[in-house]
Structures are given as C-alpha cells and as structure tokens.
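The structure appears below as structure tokens.
Note on naming: letters A, B, ... go to the chains in the order of the sequence lines (proteins, then strands), and numbering restarts at 1 for each one. If you're wondering where the values come from, they're calculated on a predicted model, not measured in any experiment.
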Amino acid sequence: MANKYNHEEVEAKWQKTWSERKTDVSDIGQAKKPFYNLMMFPYPSAEGLHVGNMYAFTGTDIYGRFQRMQGYDVFEPIGLDGFGIHSENYAFKVGKHPVEQAKRSEKNFYRQLSVIGGMYDWSRTVETYDPGYYRWTQWLFVQMFRHGLAYRSKAEVNWCPSCKTVLADEQVIEEKCERCGNIVTKKALEQWFFRITAYAGKLLENIPKLNWSNKVLTAQEHWIGKKEGINIKYSVVDEKGVSFGDVICFTTRPDTNYGATFVVLAPEHPFISKIDGVLKKEYADQMRRYIEQAKKTSSQDRIAQGRKKTGVFTGLYCINQLTGYKMPLYVSDFVVMGVGTGAVVGVPGHDKRDFEFAEVMNIPVKRVVVSDDGKKGDITDIEDVQEENGVMINSGFLDGMPIQKAIVTMMDHLEEKGWGERVVNYHLRDWLISRQRYWGPPIPMIRCAACEKNSKGERADMPGWYTVPEDKLPVELPNIEDYKPGDDGIAPLAKHKEFYETKCPGCDGMATRETDVSDTFLDSSWYFLRYPSVGSVTADTLPFDPEITKKWLPVSMYTGGAEHSVLHLMYSRFVTMALKDWGYLDFDEPFPNFFAHGLVIKEGAKMSKSKGNVVNPDEYIKLYGTDALRMYLMFMGPFSEGGDFRDSGMEGMSRWVSRVWRMATSSLEAGTDVVASDIVVKGLHKTIKKVGDDTAKRHYNTSIAAMMEFTNLVSDHGGTLPVSLLKMFVLVLAPYAPHLAEELWERCLAHDQVGNQPGAGMSVHHQLWPEFDAKYLVENQVSMAVQVNGRLRDTIQIDIESSSNQKKIEANAQSSENVRKYIEGKEIRKIIFVPGKLINFVV
RNA sequence: GCCGAGGUGGCGGAAUGGCAGACGCUCAGGUCUCAAAAACCUGUGAGCAUAAUAGCUCGUGGAGGUUCGACUCCUCUCCUCGGCACCA
C-alpha cells in the first residue's frame, strides 16, 4: 500500500530526524536576520495541552515557518509558566505536592508540545519554577525596590471566615467560597505593590506606536483610563461656622458645580479620623457604626446585591464658593477611597449615582444650564426625574455654553480664584504583588525590627526593610509539606522558622524574611527577555545577555489570546520600561507587533470539562496525524476569530491530506512523463501568490482553501504534476503540514538525483518561499459581467487585450439576446464601464 | 450602564463598492463491490419555470439612506458574544 499515507510513521520519522539534525535550533550568535517569533507562555494547569493551546501555537508556528522561508533566522522558543495559583490549585485537586506535580506536568506538556509540529528550539526552554529562572524574577523585585517602585500598603484580600483562608478572585464564586459555600468577606493585609501608576503616562503615550489590533489597544487605553479633571478644595465648617479644615474633591465635570448640593467621603478617608474626636457625639457614634458596617462588605458585593446607596451625615458642611451654598458632608461606602481623592462632590442634577444618593438622603436637586441646546449639559439623562422633583435650575456664568468649553472655562475660573487645581488621574491601579500562597517565588525581602526602631533601612522611606543581597539569590522555595494556604491569611512559608529566620543585612542581628510569594504575572512579565539568553555564557551572571538582547529584542511578532489584553501585556510593558530607565535595555516596548488570535469552541458550545466536550489533541493526532489536525484547526475560521471544532470537518481535512499524498506519490511515480497544462501552471502560480499573501496576513483559512482549489484543479487535469511543479506546491504546503511536506520534499529530491540521499541541510523548512511568475497570473480571457440597471443579465468572455476597449465590449454586450431584451426600445442614458470587470447599461 | 467584536445556505465560513455563497462539512443520487467501507463522479440558498444545468424573482438580522450598482459606505434599530464597571 505505497499509496496510503501513514501519518504515524512519517510524523515520527521527521520529529526524530529534526531533533537529531537540530533543524530548529537557532544560531543565536551568528544569525544575520533575526526574527523572534513568540507565542504566549502556556501555564500547565490542567490535565495537559488543551486544543486551545495547540490552536494558538499552530497559528504562531505557521507564521514562524513562513518567515523562515522568507529568509529570516527565526527563533521560536517554548517554555512553561508553571508557578502560580492555577498550577497550585491543580496540584491540590489531584492530591499531589506542587513540586511533584510540576515535574509531571512538565513531562506531559513537553511530550505533547514535541508532537504538534512546532519549530521549537528545545535547547532554550524556560520554566518559571526553575530556581535558575526565578532567581532573576527575584532580582527584578530587588531592582523595583531599589528604584522606589516597590512599596507596602494595606490591601483587601478575599477572606473566607469559615475556612480561615485567603482566596484568589477565581476561588470566589458568586460571593461564596468555592470550597465551603460560605459568604466571602474582605480582609485588609499589608502587602507589596509595584508602582505601575508611575508609568501610566508613558504606557498611554506609547499606545499609538504599537502595531496591535485596535481591540487590544482600546482595552489598554481604557484600563489606563486617563482622566483630566480638577481637584476642588472645599472648606469644612459646622453649623455655627467653626472651621474644620478642608476636603478636596476630584471631578471631571466642574461645569456642573453650580448644581453641587452635597459632599461625600469614603469610609476610609483620612479626614474622618481627623474629625472623629471633635464631632458632636450623636454624629460621631452614628458615623462609627456606619463605617464598621461598611467595612464588612466590599463595593462589588453591594452592587451585586443591588443595595441602595445610603450614608451618614457628619453634622458638617462644605462651602460651595460658586454659590455660597452650604453642602452637607456625608460618609458613604459608594465612594471608594482608591478613586480620585476618596471624596466626591455630589451633583444630583447631573449624575445618576449622585441622584440616587440624594433621593434616599433627601438632598435637594439642582441643575445647571450648559450645552448648545441651552437646556442641559449632561452625562446622564435624568430629565424625567427633574419634572417629578421640581428641581431648581441654576445657570451661572456658563449659561448655554457647549460642554467641553464650559469645562475648560470653569477650570480656568476655579484656578484663577485659587479654589482648585487641575490634575490628571488614572484608572490604572498599582500592581498588587503579594500572594499569601506557596507556589511562587519567595519575595526576596528581609525585615529587621531593630533597624525599623532606629529608622534604619535600605530605603529611607521604608525603615527596617532590606533586599536580599544579589549574591544570595535565589531565595529558594523550600520543599514543605504544609503548603496549603493556612489560617489567618498567613502564608505557608510563615510557619517555617528555618525559612524565615535570617540575619539582617543592615545590622547583622536577627531578622525575618518576607513569607509571601510574588504574583505569577511577575514571572511572565519578563520571560521573553530570558529565552534568547538561555544557554549563553552570561546566563548564570545576568538575567539576559546584553549583546544577545540587543540583537534579538524586542520580540518581532508576539501572538496570544486577547484575554491577556490588559494584565500580562500591561505588566510586561511596564517592566520593560522600568528596565530601560534603569539602563538594562535600549527599547521601551517589548512587543511592537502583537497578534490576538481567537478562541476555539466545540460544536457551537464553549469547551468545558463538565460538558465533557473538551478536545484532547492527543486523540486526534493519533487518529488523523498532527498535520491534518494543524490544518483543520487553521481551516475552521480566521485565526483572529477562532473557530468551531467539528469532528466531521476534521474528517474532511484528513481526506484532503490523503488526496495530496496520492497526487504527489502518483506524480513521482509517473516521473518525467507528466506534462502540465497551461491552466495547471497558471493555477500553481496563482496559488503561490494567494497563499503567500494570505499567510503573511494570517488568513490561514483562505490559504488552505486556495491549496485545496489547486489540488482540485490538478485532479481535473490528469491528477498528476511534473516533479518541478510538485516541489513548488510542497514548499507552499510546508508551513502548514511540516511533516508531510518534508517527506514529499525528500522524495522529490531523491527523484531529482537518483541514488543521492538528500543531506541535513536540505530540509524543506530551510528552503526559500517559491516565487510566482507574474506572467502566469495574467489570464488570456476574462469574464465580464453585463448588467442592465445594475442587474446581471449576462456574462461575456473577452480577450484580455480587448477588456479595456469600451466600444468593443459595448457592441459585444449588446449583441447578447438576454441583454437586448432589456434595452430594446429604451434610451440608454448612461454606460458604466469597469475595464475587465463589468459593463452596466442604465436605461 | 460603558467599551469592543459580530449577525451571510442545513452547518463552519469566502467575497479592494462591481457576477453573493469560494473552500470544507452535511445530505441525496451514481460508479466500483456479492455486500459494506474507502475512493471517485454528479447535484445541493429559497421560490417560479423549463426540453434545457435557457430564463425570472427573492435573498447577507430589521427599517431607511447614498450610488448606475451595497454583505461592503451612512443613519436608526433589534439580537449574540467578549471585556470593563458606584471611576466621581
């Protein structure tokens, strides 16, 4: 059965051969035209490689192989993002120690990755849980601290009072603990943060320079969320006019300030502790009770429960200088401390949330006349509300002004008067690094109580804190048995004296190590810098080699899922910018080109274990082969959109692979006897062009369709090709079906030079992409559409030379019986002529 | 609520403002076979109509508009999916 394609045999043969011949190992040092083709790091969290991973990797790999055939030295690395909560949770689930499970996952993942046909450089893998890697993750933390970008602050964590444990967001399901079902509350802990907000401006500013899809760029833009506004200062008094200091409110709409009727503070606002002792007892008690209550529920929970906004009056007032109005000062948990200044000036006539509060608290509603229509200037339309409540109208000096102009005018006015100051705020929050968990790199910090007392420390603003000296890195994660997250939000490592007891780098006295580990997003925020340097002479002394980095970075093309639009991509950009500012890099954007691929679904439904419709690539590879699966995945739909995996479609692709095999083998058997018709030669050149153009654009589905059209054409014209043409087709096929193409290529070479076994350097994957000859793209004859009033009435065949001769085509078209039927006896008012395309008679 | 993407045959999906439905699946019929599978061939948007695979009408979520001509551009609208969200 020489004519039956044996995918198992062929694919195994080439995987072995490529590995032996180091076909895909990049020459990092000597490369002339480096092309760093990177896909997002997979995290080996579950049973193994998911078909979604394979989809992403295949789409990336085809691009890498195509670029290599364009003459680039392509480096396509692979590794595992194996630290972090996903891997840890999976280890718990299967009852294995995370260290042990990591080894098992690694083995299984690498086995699967080695059979999906990717051109991975297996000599340079990266695993985030490898001490040789996380040593440098810790080094990065140390740099952040030294440059003032790491600091400590209180932050809320999810807390299950029943399990007495900290939960990750994904373990909180509908406000309940995923394990015991109890309501999850919030708990404030001192934790480490990275000051990513210091780079908010730069992160935003660079966005137009990035060649990313709009979707991802706008997501980043919104996430950074630049807001230009003004901080307005209000003096606070009691009913007798005694001064209590100032409260500052941030607003983006100062033009509505004539309508301001109240001010609200967040429960955590520092002003509250300031006034607590001096307030009238009745107000102070009420306020304390309210704040106590508010602390127990997070704002997300309140929204989810649809609770009405409520608050407490402090007995104090803020003076609105514009109107002289005494605005009552409230405390309410709908105001969030982390947003703006943590204090809001309430304009119920122009803001829906302010209105809701005013309604409940019985606060008057005033509206301001701005905007061109002279009626309202508004974010939220609450006209109907206005009628019911008989609100006051206040025009002020902005009467009738367009909103944008009114905002600027008011800002100028407030600044002139010294009542406010223009500020820029961002939605972006600082990056919470600490995890009260086991499976991550220990944060490389040491705290010394003695130094703290004496106000000594590595940084003046953080007494008592020292970084672990660089030559003592890594701080290795000890292999402990009680690795599960424990009581009272204490990290597992905090129960191990032998781990946390250490000497103070400052005073040499007794000190303790930080026992939280870092966020898994930190691991993946710099891995792309490590890959090219793996195995270099400097790999043990530097996180990344300067020479190599200069040559290979930034990443030429980054491919991954749009679900990482904000977090991973933002963190990587931030880390890169910081490293540049510290002098380690000479570029500030890690991924100038990023392609977001779509998601795979199964028979119209999302894949999930509970539905039992998860596609395991292993089974399909066994049944149909890697190449057929690769091509089917790419054929399902546009790579940018994802696709619907259907078993019947998989069968179809498998059939086509067999057809290609038969076409090729029978062509080789027929040998020199085959003469290709013009139409086949033309078809081949058209296919080369089409597949080349579409692959570059990552329109893999239409590339494959074009290849199918070609094999259909061959089948209609004898079914065989001369070997010289077959070789060109095999080259076009190579990025998509690397094993099949390599096998056919070898056979073609053997056919060309009988008796000479092709050598290692002859791999189809080291060949250049075939050039099409433009002369074959030109048709002798074109078919032109003949329309009457825009409706198709006939098509005519015309020589290419005459296809732009309007006179001739008019005559030709009018001789058509069907066309005559529609124009006979009518006056032709106009003729639209598109050379080579159509002619349209307007009657 | 806000932002983004998208709605095309039985299905997945093709179409620089110029012949809608490429390619594949499905289904039906046929060839081969004792039979089946595989393979190959033919057909497959709906409707009208025909000796005819001559021709006609409708048709890209819906309603309008621009245009000789609209899946494609504009306005409004409905629905689906994804992201963000008391952001002041």
What contact category does A/H427 fall into here, base, sugar-phosphate, or nothing, at under 4.0 angstrom with non-hydrogen atoms?
base
What is the separation between atom CG on A/D644 and atom C1' on B/C11, rounded to the nearest whole Å?
9 Å
Any base atoms under 4.0 Å from A/Q787, or only sugar-phosphate, or nothing? Heavy atoms, all strands.
base
If you look at every strand shown and take non-hydrogen atoms under 4.0 Å, does A/G652 touch a base, only sugar-phosphate, or nothing?
sugar-phosphate
Minimal non-hydrogen separation, A/A706 against A/T687, with atom names
O-CG2, 3.9 Å
If the plane angle is over 60° it's perpendicular, under 30° parallel, otherwise tilted; pick one for A/F262 and A/Y330.
perpendicular
Taking atom P in both B/C56 and B/G61, what distance in whole Å separates the two?
25 Å
Which is true for A/N712 with a 4.0 Å heavy-atom rule: it touches a base, it touches only sugar-phosphate, or it touches nothing?
sugar-phosphate
Now, which nucleotide makes the Watson-Crick or G-U wobble pair with B/U31, with each of the two distances under 3.5 Å?
B/A39
Which part of the nucleic acid does A/S715 contact within heavy-atom distance under 4.0 Å: base, sugar-phosphate only, or nothing?
sugar-phosphate
So, A/Y620 versus A/F645, ring centres under 6.0 angstrom or not?
yes
Quick one: label A/V344 by what it contacts on the DNA or RNA (base, sugar-phosphate, nothing), any heavy atom closer than 4.0 Å.
base
Any strand, both distances under 3.5 Å, Watson-Crick or G-U wobble: B/G1 pairs with B/C84
Going by the glycosidic torsion and a 90 degree boundary from 0, is the base of B/G9 oriented syn or anti?
syn
For A/N425, report the nucleic acid contact type (base, sugar-phosphate, nothing); a contact means any heavy atom under 4.0 Å.
nothing
Worked check of side chain to side chain donor-acceptor pair (under 3.5 Å) between A/Q321 and A/Y234:
CA-CA 8 Å; A/Q321 295 97 324; A/Y234 297 103; 5.9 Å; no
